[in-house]
**Student:** 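My questions all concern the structure below.
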Amino acid sequence: MDNEHMLLELDHISKIYGDLHAVDNLSLTVPQGQWLAIVGSSGSGKTTLMNMIGCMDTPSKGSVMLEGRRLEDLNARQLADVRKNMIGLVFQKFYLVPHLTAVENVMVAQYYHSVVDEKQAMEALERVGLKERAHHLPGQLSGGEQQRVCIARALINCPKLILADEPTGNLDEKNEKIVLDLFRQLHEQGTTIIVVTHDALVASCAQREIMLNHGVLVGEQWNDEEAKRAYEAAGGKPAHTGSAEEGAQNGGIAISFADPTKAAKTGDTDAANVAVAAGVADDTDVEPDVTKGERA
Ligand SMILES: Nc1ncnc2c1ncn2[C@@H]1O[C@H](COP(=O)(O)OP(=O)(O)OP(=O)(O)O)[C@@H](O)[C@H]1O
């Protein structure tokens, strides 16, 4: 596939911590508009991969390209700009500011994009069906409603790419469906969506799934044959681990995708995470972080 059609290209990327290859020599291309799920058991490297795609972490080896720009060639400010202008982040934990209303939480994200416009923030909330709840505090909203505020917040910069890490992990079935319907709408509007999930239902909504195990790609499966044909017709290649010379897994053979379970993640909520979630600051959970210390 010619590069101009690719939103994301991962070229043999690894993330190495001491002896641990959290992500191991992964190559993957994702065209504009694709809905991809990254699945795998706990500790398989999903979040690490997501962080590298989202400019919140850098690979130890290999390169990440977004819209043809090699992220390693960008300085911290440029990286922050890419993240701010191109990427919308949605997390399992909502990272809403507790003493601000729903609309004010959306406006916090606007503030970091230098456009504070309550009308536009209200429109974003309306888009996720929350206009009537705009002046409620997070504590007065259900989990599903809070996640919809987060999605409204992520949409404020009209991102080409939505990165969602276990977006329905804290939600019941009904709210999971609402969030998935929102993703479906965004996908229909041409947004590229990459979702990390343990949940088989959530993964099955994506057009394509890749599975990691101990940082290694162990499977790839398509849920949308038409999308697969279009991808292949345009020259798109399966994801793969290692190099062709090594005769590595080429992703063409999908192995078991049958074991995903909903597993709640744990961790700390702090102000920095609120800022990260708003798409504006560093992810303090990962290191080294090239964006630390510099903000756009
Ligand atoms: N900063 C770090 N330093 C050392 N090891 C790390 C670091 N971040 C992640 N790891 C390790 O890398 C591996 C992959 O972690 P990662 O969080 O990407 O997994 P995951 O698939 O997202 O897991 P989960 O589903 O439980 O969130 C794990 O073994 C984890 O302990």
Side-chain angles (χ1 to χ4, degrees), residues 7-11 13-17 20-24 26 28 30 36-38 40 42-67 69-97 108-109 112-113 150-151 153-157 159-167 169 191-197 210 212 215 265-296:
L7 184 77
L8 171 70
E9 294 175 65
L10 305 180
D11 183 14
I13 63 164
S14 297
K15 185 70 188 180
I16 303 169
Y17 298 111
L20 176 77
H21 288 231
V23 171
D24 195 3
L26 175 70
L28 168 74
V30 179
L36 172 78
I38 302 171
S42 183
S44 58
K46 305 181 298 296
T47 298
T48 304
L49 176 57
M50 187 72 105
N51 287 336
M52 290 190 283
I53 295 170
C55 312
M56 294 174 282
D57 199 1
T58 49
S60 312
K61 290 184 191 167
S63 69
V64 178
M65 282 173 85
L66 273 172
E67 279 194 316
R69 298 171 81 192
R70 203 173 291 277
L71 298 187
E72 73 209 47
D73 296 340
L74 306 183
N75 63 29
R77 177 172 290 270
Q78 290 169 320
L79 274 176
D81 280 345
V82 169
R83 189 171 55 205
K84 239 173 45 168
N85 298 329
M86 207 179 145
I87 298 173
L89 298 167
V90 179
F91 298 94
Q92 175 178 5
K93 290 183 290 170
F94 311 127
Y95 302 128
L96 294 169
V97 183
V108 169
Y112 285 103
H113 290 99
C150 297
I151 294 172
R153 182 179 60 187
L155 296 179
I156 211 69
N157 56 339
K160 283 191 176 165
L161 174 61
I162 294 271
L163 295 178
D165 196 346
E166 299 284 2
T191 307
T192 310
I193 300 173
I194 301 183
V195 58
V196 159
T197 184
I210 61 164
L212 299 180
K265 289 185 175 182
T266 56
D268 297 328
T269 302
D270 56 31
N273 283 333
V274 171
V276 170
V280 295
D282 306 332
D283 186 336
T284 54
D285 290 342
V286 290
E287 61 181 11
D289 185 338
V290 293
T291 63
K292 276 199 168 72
E294 274 200 58
R295 300 281 156 78

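All values below were derived from every heavy atom in this structure, side-chain atoms included, with hydrogens, water molecules and symmetry-related copies excluded. We count residues from 1, following the sequence as given.
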**Student:** On a heavy-atom basis, which atom in Gln78 and which in Asp73 lie closest, and how many Å separate them?
**Tutor:**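 The answer is OE1-O, 4.2 Å.
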**Student:** Give me the one residue out of Leu79, Leu71, Leu74 that meets side chain to side chain contact (heavy atoms under 4.5 Å, CB included) with Leu66.
**Tutor:**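 Result for side chain to side chain contact (heavy atoms under 4.5 Å, CB included) with Leu66: Leu71.
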**Student:** Rounded to the nearest 0.5 Å, how far apart are CG of Leu163 and CD1 of Ile193?
**Tutor:**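 So the CG of Leu163 and the CD1 of Ile193 are separated by 10.5 Å.
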**Student:** Report yes or no: does Lys15 contribute a side-chain atom to a donor-acceptor pair with the main-chain N or O of Thr58 at less than 3.5 Å?
**Tutor:**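 Indeed, once roles are kept as given, a pair shorter than 3.5 Å links the two residues.
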**Student:** Minimum heavy-atom separation for Leu89 and Ala154, please, with both atom names.
**Tutor:**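 That would be O-CB, 3.6 Å.
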**Student:** Atom NZ of Lys61 and atom CD of Glu72: how far apart are they, to the nearest 0.5 Å?
**Tutor:**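 Here the rounded value is 14.0 Å.
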**Student:** Nearest 0.5 angstrom please: Thr191 OG1 to Leu161 CG, how far?
**Tutor:**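 Separation between the atoms: 9.5 Å.
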**Student:** Which value, rounded to the nearest 0.5 Å, describes the distance between Ile38 atom CD1 and Ile210 atom CD1?
**Tutor:**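 Between Ile38 CD1 and Ile210 CD1, I get 5.0 Å after rounding to 0.5 Å.
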**Student:** Which heavy atom in Ile53 sits nearest to a heavy atom in Leu10, and how many Å separate them?
**Tutor:**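 Answer, listing the atom of Ile53 first, then Leu10: CG1-CD2, 4.2 Å.
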**Student:** Any side-chain heavy atom of Leu96 within less than 4.5 Å of one from Arg153?
**Tutor:**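 The answer is yes, as the side chains (C-beta and beyond) meet within the 4.5 Å cut-off.
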**Student:** Using the test side chain to side chain contact (heavy atoms under 4.5 Å, CB included), find all partners of Ser44 that sit at least two apart in sequence or belong to another chain.
**Tutor:**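 For Ser44 the side chain to side chain contact (heavy atoms under 4.5 Å, CB included) partners, ignoring immediate neighbours, are Ser41, Lys46, Leu212.
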**Student:** What heavy-atom pair brings Gln92 and Phe94 nearest, and what distance separates the two atoms?
**Tutor:**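 Nearest pair, atom of Gln92 first, then Phe94: O-CE2, 3.4 Å.
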**Student:** If you compare all heavy atoms of Met50 against all heavy atoms of Asp165, which two are closest, and at what distance to 0.1 Å?
**Tutor:**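 Closest heavy-atom pair between Met50 and Asp165: CE-N, 4.1 Å.
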**Student:** State which residue, out of Leu8, Val30, Ile162, fulfils the side chain to side chain contact (heavy atoms under 4.5 Å, CB included) condition with Thr192.
**Tutor:**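 Testing each of Leu8, Val30, Ile162 against Thr192, the sole residue satisfying side chain to side chain contact (heavy atoms under 4.5 Å, CB included) is Val30.
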**Student:** Does any N or O in the side chain of Asn157 come within less than 3.5 Å of the main-chain N or O of Ile87, such that one atom is a donor and the other an acceptor?
**Tutor:**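 A pair under 3.5 Å: yes.
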**Student:** Looking at every non-hydrogen atom in both residues, tell me the closest pair between Met52 and Ser14 and how far apart they are.
**Tutor:**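 Between these two residues, the closest heavy atoms are SD-O, 4.4 Å.
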**Student:** Has the side chain of Thr48 got a donor or acceptor atom that lies under 3.5 Å from a matching backbone atom of Ala22?
**Tutor:**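 No.
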